[in-house]
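FYI, side chains are in, hydrogens and waters are out, and symmetry mates aren't considered; it's all heavy atoms of this structure. A, B, ... follow the sequence lines: proteins, then strands. Residue 1 opens every chain. Owing to the predicted nature of the structure, the values given are computational and were not obtained by experimental measurement.
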Number of protein chains: 2
Amino acid sequence: MATRAVRGLGQYSGVARAVERVGERWALLIVRDLLHGARRYSDLKQGLPRIPTNILSDRLKELQEAGIVRRVPTVRGGYELTPYGRALEPAVLALERWGISALGEPGDDEIVTADVLATMLRAAFRPAEAAALPPTEYVLHVGGASVSATVIGDRLDIVPVGPGALPQPARAVSAEPPEAILELLAEPPVFAGLLSGDGTGAGAAEIDRVSVLAGRPSFVERFTRTFHVERVGPAADGEQVAADTAVA
Amino acid sequence: MATRAVRGLGQYSGVARAVERVGERWALLIVRDLLHGARRYSDLKQGLPRIPTNILSDRLKELQEAGIVRRVPTVRGGYELTPYGRALEPAVLALERWGISALGEPGDDEIVTADVLATMLRAAFRPAEAAALPPTEYVLHVGGASVSATVIGDRLDIVPVGPGALPQPARAVSAEPPEAILELLAEPPVFAGLLSGDGTGAGAAEIDRVSVLAGRPSFVERFTRTFHVERVGPAADGEQVAADTAVA
DNA sequence: CGGGATCCCAAGCGATACTG
DNA sequence: CAGTATCGCTTGGGATCCCG
């Protein structure tokens, strides 16, 4: 049984409410995956390999009760976000940005899924920078997952590609793809570094370690300008604090 | 003992990392309070009435190990965020915005602290709107907590006021306060409604229930323009889904 | 006043088995 | 494929006491 809500945090606060509703283990990762479209039970389970099936079931039930998730009537075992759940996107992307900047090395059995990759891209996407660049399609292969990110103006569209991706139904705008295409292959940490590198000096190390499978290598710089997150390492402990900070 | 980290989520993902580091119960609320300045152990405990002391101790230890929090050398029992921890601010505010829009009625023993109030204000603050308005100081009394929010141009400064607030040390800019002042008193749910109301029609109900203790009542509208979050109720279940959403 | 130690309960969780 | 049922166990977390 989905127990919960008995343990409020005792604060009339937005963050507290948010934590009460999506703070349970796994909950936010389910939301993250659903942000990219409806998913079936087995899709979710596959994307979250370490989640026990009963926990997935519990979370989905709780998220439904909270009005964050609902079933897709037409699809057996299908789930999707409600508008209320979709409103979590800014928060999820903000957390993603923070997390990206200190991903470190992958753990032994840590995987990268298409949804993980898509979230990284959407978190790192900079519409203002992108708008100034020519339309480009980026095909990324990172740690076994593959997505195609098409950037036209300040718009970003991501679709899963390659083996393992189900046929994508009814793309609204199947206008002709941009003529500029860049296809990259990179190990997960290299890819993370590519997103959070400073682009010029230090980031060059990552650039050398990505394989350009198709497209002009100079497009890599276009990619790093389009997709970028500020690096904020965990306490290099180098700098001094403003010691006069108030202890109120 | 602070056990943890044994249970990774198995994904090389920013959100997963974020959840692993600040997903523990209470952790994000501690960060939230520390976002407004250094705090002592007892301050934190007071602001989080339901947290057991050992859990607070554990969390602070874990947050330190993660490089998110560090001790303030000059203050006994003082804690503050590292730059890495402060980088969580966008994520915290995004969660706050989402949480505010469905706060509902306060639970029996839910409290509002000055830090809670300050977080609400900072989450709801709209610099672009504020910049067009004259400098104004808003003094808010909500559910026992009181803060003063001074808005000058697109800048927002918040200081705790009234009984319970320690003397505020060394305000850098103690320039003369704005001549326009609005002092409000409201019950917590009324205040939340004020922030997420639509400002005109439906929001009027909240406006009638706030007490203007000082300043011109017309300034209330200035307040709601300066501080606002989109309302996204949990599943009014009214509208239809785009049924063609991909289940990929 | 800051914070560590201990006890104890149950919730949250994970693995496995089972069912429509 | 989409879950439910059961079980054991870890551990989070609440209360209380204790120490510097």
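The side chain of Y79(A) places an N or O atom within less than 4.0 Å of a non-bridging phosphate oxygen (OP1 or OP2) of dG3(D). Contact between the side-chain N/O atoms of S42(A) and the OP1/OP2 oxygens of dC1(D) is not found at any separation under 4.0 Å. For the OP1/OP2 pair of dG3(D) and a distance below 4.0 Å, the side-chain nitrogens and oxygens of R71(A) include at least one atom meeting the criterion. Proximity of W26(B) to the phosphate of dG12(D): no side-chain N or O atom is located under 4.0 Å from OP1 or OP2. Within the 4.0 Å cut-off from OP1 or OP2 of dT4(D), at least one side-chain nitrogen or oxygen of K61(A) is found.
Whole-Å rounding puts the Y41(A) OH to dG20(C) P distance at 17 Å. Atom CG of D58(A) and atom P of dA11(C) are 13 Å apart (whole Å). Rounded to an integer number of Å, the gap from E24(A) CD to dA11(C) P is 13 Å. Separating the CG atom of L48(A) from the C1' atom of dG14(C) is a distance of 14 Å, rounded to the nearest angstrom. When rounded to the nearest whole Å, the span between CD1 of I51(B) and P of dG13(D) equals 9 Å. Taking atom NZ on K45(A) and atom P on dT16(C), their separation rounds to 12 Å, with Å as the unit. As rounded to whole Å, 7 Å separates atom P of dG12(D) from atom CZ of R59(B). Residue L44(B) contributes atom CG, which lies 14 Å from atom C1' of dC1(C) at whole-angstrom precision.
Side-chain contact check for T113(B) and Q11(A): no donor-acceptor pair (N or O, by modelled atom type) lies under 3.5 Å. Side-chain N/O atoms of Y138(A) and T150(A) include no donor and acceptor closer than 3.5 Å.
For CD of E187(A), the number of neighbouring non-hydrogen atoms (other residues, nucleotides, ligands) closer than 6.0 Å is 12 at most.
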Checklist entry - Nucleotide by nucleotide, 5' to 3', does protein get under 4.0 Å of the base (B), only the sugar-phosphate (S), or neither (-) in nucleotides 15-20 of chain D, counting heavy atoms? => result BB----

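Residues S101(B) and E230(B) form no side-chain contact, since every pair of their non-hydrogen atoms from C-beta on lies 4.5 Å or further apart. Between W26(B) and V19(A), every side-chain heavy-atom pair lies at or beyond the 4.5 Å cut-off.
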Next on the checklist: Before you tell me yes or no, could you show the steps for E89(A) and R86(A) under salt bridge (charged side-chain N to carboxylate O under 4.0 Å, His left out), namely the whole-Å CA-CA distance, both residues' side-chain angles and the distance that decides it to 0.1 Å?
Outcome noted: CA-CA 6 Å; E89(A) 177 173 338; R86(A) 227 171 298 124; over 6 Å; no

Next on the checklist: Apply salt bridge (charged side-chain N to carboxylate O under 4.0 Å, His left out) to residues E96(B) and R17(A) and explain how you reach the verdict.
Outcome noted: CA-CA 8 Å; E96(B) 176 77 20; R17(A) 281 287 181 284; over 6 Å; no

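Using a 4.0 Å cut-off between charged side-chain N and carboxylate O, K45(B) and D43(B) make no salt bridge. Residues R70(B) and E80(B) are paired through a salt bridge, judged by an N-O separation under 4.0 Å between the basic side chain and the carboxylate.
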Checklist outcome for this item: Writing each nucleotide of DNA chain D 5' to 3' as (, ), [, ], | or . by Watson-Crick or G-U pairing under 3.5 Å yields .|||||||||||||||||||

